[in-house]
There are 2 protein chains.
Amino acid sequence: MAEGLVDDAPLPHGPRPGRPTVTSRSELEQRALELFAVRGFEATTVDDIAAAAGIGRRTFFRYFASKNDAVWGDFEQGLSDLRARLATAAPGQPLLDALREAVLAFNRFDPAEVPWHRDRMALILRVPALQAHSALRYAAWRDVVAEFAARRLGEPADALLPQLVGHSCLGAAMTAYEQWLAHPDADLQQLLDRALRALDGSWAGVRG
Amino acid sequence: MAEGLVDDAPLPHGPRPGRPTVTSRSELEQRALELFAVRGFEATTVDDIAAAAGIGRRTFFRYFASKNDAVWGDFEQGLSDLRARLATAAPGQPLLDALREAVLAFNRFDPAEVPWHRDRMALILRVPALQAHSALRYAAWRDVVAEFAARRLGEPADALLPQLVGHSCLGAAMTAYEQWLAHPDADLQQLLDRALRALDGSWAGVRG
DNA sequence: GTAGCCAACGGCACCCGGTGCCGTTACCGT
DNA sequence: ACGGTAACGGCACCGGGTGCCGTTGGCTAC
């Protein structure tokens with residue numbers, strides 16, 4: 001759930017005073033994902049990851065606040081992109097259309113990245129510790145959506161409707177991801193599109 | 001989010017062979033909530049709780065799988081009740097009406113319990129560690145709702161619509177709780193009712 | 001009353017994630 | 001060569017969580 005290429009270092013890292021970094025956030029993330037895929041998340045210790053990356057355990061925690069965080073690449077960046085994209089949506093565009101477009105973009109990846117993005121999402125959606133941790137990320141994501149909806153509706157972001165929009169969109173996206181994991185041949189963008197379009201008439205379809 | 005009075009012991013505890021229990025799940029929960037309210041969740045260690053309850057730390061973990069779990073009383077029981085109530089809903093009753101009724105019942109408490117239920121929910125919704133942990137509970141709750149919706153709609157529980165219903169209902173309930181915490185004078189049942197009714201026309205209200 | 005069954009208790013040692021502290025290392029500009 | 005600077009990484013420590021195992025104490029049977 002983070003798009004495109006991101007910075008390859010914990011800090012800008014130009015000609016800068018001080019000792020240079022030994023590795024990068026994204027490289028560390030890669031090593032971690034590899035180990036998780038092989039041994040499983042719980043069975044992989046932070047020491048394992050650090051050793052595999054050739055750094056000290058203490059240093060690992062300078063790149064990631066927690067073992068959980070290694071799974072989510074640069075999520076903050078993704079959130080900023082999402083926020084920016086929503087901010088520049090045409091004012092006349094229907095709310096749900098703008099959201100759908102933004103969410104699809106948020107989940108668009110280079111084909112080369114897809115396989116390990118799948119691994120990543122499988123971890124997030126299946127490993128209890130990560131399911132739990134991810135709630136914090138989801139909350140931040142929902143907030144971005146809720147704030148956008150709130151602006152459009154002229155209500156505070158913590159009002160009923162904006163919050164419901166946030167929950168619904170997240171639910172749609174999560175459902176799409178579940179299906180994507182269950183059917184490896186399916187197209188994520190299509191699944192997301194379908195799920196988000198279903199929101200429009202969801203309760204109409206249910207009312208029967 | 002668990003209703004009425006529940007068993008006061010970890011196991012049935014009639015005339016039973018073996019050493020009798022020294023305390024009970026619910027009493028332990030009480031002591032824990034008291035400490036959390038005073039010192040805060042993070043600042044309270046399991047040793048603190050165990051000491052306050054006059055038991056050993058090891059024993060605490062025989063009553064609760066984790067420190068987090070002490071906050072959620074007997075949630076499984078609540079889930080069973082919710083499931084049972086939904087199962088006995090009149091087949092002719094509209095889906096959303098049945099859900100609203102069940103959710104209101106699920107969140108109905110003895111007035112005497114309300115104050116510490118408020119404390120409990122404040123912890124769950126505000127303490128990051130509990131926000132995260134609660135995702136697992138929420139998922140189980142959503143599943144109950146999704147399964148009910150699935151039965152009604154004649155679809156599998158992991159299909160799009162049932163999942164969306166689950167997410168939306170949970171979102172409505174969480175939003176109601178947020179408002180309840182923000183406005184201590186408000187009536188939780190009314191807030192829940194309002195939020196769940198809003199689901200019906202939610203996207204209609206948004207489409208403008 | 002005494003023997004023995006049985007489950008709860010709780011100490012102990014251990015693992016692992018996470019943090020504060022601090023000395024070390026390595027690149028930089030002067 | 002030197003001093004500034006920032007990443008590194010060891011160390012000690014904390015707290016949650018677990019496996020193991022001996023202890024406790026109420027119960028039933030004899």
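Remember, predicted model here, so these are calculated numbers, not experimental data. Basis for what follows: all heavy atoms, side chains included, without hydrogens, waters or symmetry-related copies. Lettering follows sequence order; numbering is per chain, from 1.
- Among the heavy atoms of the strands, none lies under 4.0 Å from A50(A).
- If you take CZ of R62(A) and C1' of dG20(C), they are 10 Å apart, rounded to a whole angstrom.
- On a pure distance criterion of 3.5 Å, a polar donor-acceptor pair joins the side chain of R58(A) and the base of dG20(C).
- Note on G18(A): a base of the nucleic acid sits closer than 4.0 angstrom, heavy atoms only.
- Straight-line distance from the CZ atom of F60(B) to the P atom of dC12(C): 20 Å, rounded to whole Å.
- Counting to the nearest Å, the P atom of dT18(D) and the CD atom of E42(A) are 11 Å from each other.
- dC16(C) atom P lies 12 Å from atom CD1 of I49(A), rounded to whole Å.
- With respect to E101(B) and R85(B), no salt bridge is recorded, no charged nitrogen being found less than 4.0 Å from a carboxylate O.
- Between N68(A) atom CG and dC16(C) atom C1' the separation is 13 Å, expressed in whole Å.
- The CG-P distance, from D47(A) to dC11(D), rounds to 13 Å in whole Å.
- When distances run from any side-chain atom of P20(A) to the nucleotides dC27(C), dT18(D), dA8(C), the shortest one goes to dC27(C).
- When distances run from any side-chain atom of R19(B) to the nucleotides dG17(C), dG16(D), dC9(C), the shortest one goes to dC9(C).
- At the phosphate of dG9(D), OP1 or OP2 sits under 4.0 Å from a side-chain N or O atom of T59(A).
- Screening T23(B), T21(B), I49(B) against I55(B) for a side-chain contact (heavy atoms from CB on, under 4.5 Å) leaves a single residue, T23(B).
- For dC8(D), the OP1/OP2 oxygens have a side-chain nitrogen or oxygen of Y63(A) closer than 4.0 Å.
- Salt-bridge formation is detected for the pair R126(A)/E178(A): a Lys NZ or Arg NE/NH1/NH2 atom is positioned less than 4.0 Å from an Asp or Glu carboxylate oxygen.
- Residue T21(A) places none of its side-chain N or O atoms closer than 4.0 Å to OP1 or OP2 of dA7(D).
- With a 6.0 Å radius and a threshold of 12 heavy atoms from other residues, nucleotides or ligands, R194(A) has its CZ atom at or below the threshold.
- Taking every side-chain heavy atom of T45(B) into account, dG16(D) is the closest of dG17(C), dG16(D), dA6(D).
- The aromatic rings of W180(B) and Y177(B) stand perpendicular to each other, their planes meeting at an angle above 60°, with 30° marking the opposite boundary.
- With hydrogens and angles ignored, no donor-acceptor pair closer than 3.5 Å exists between the side chain of R57(B) and the base of dG15(D).
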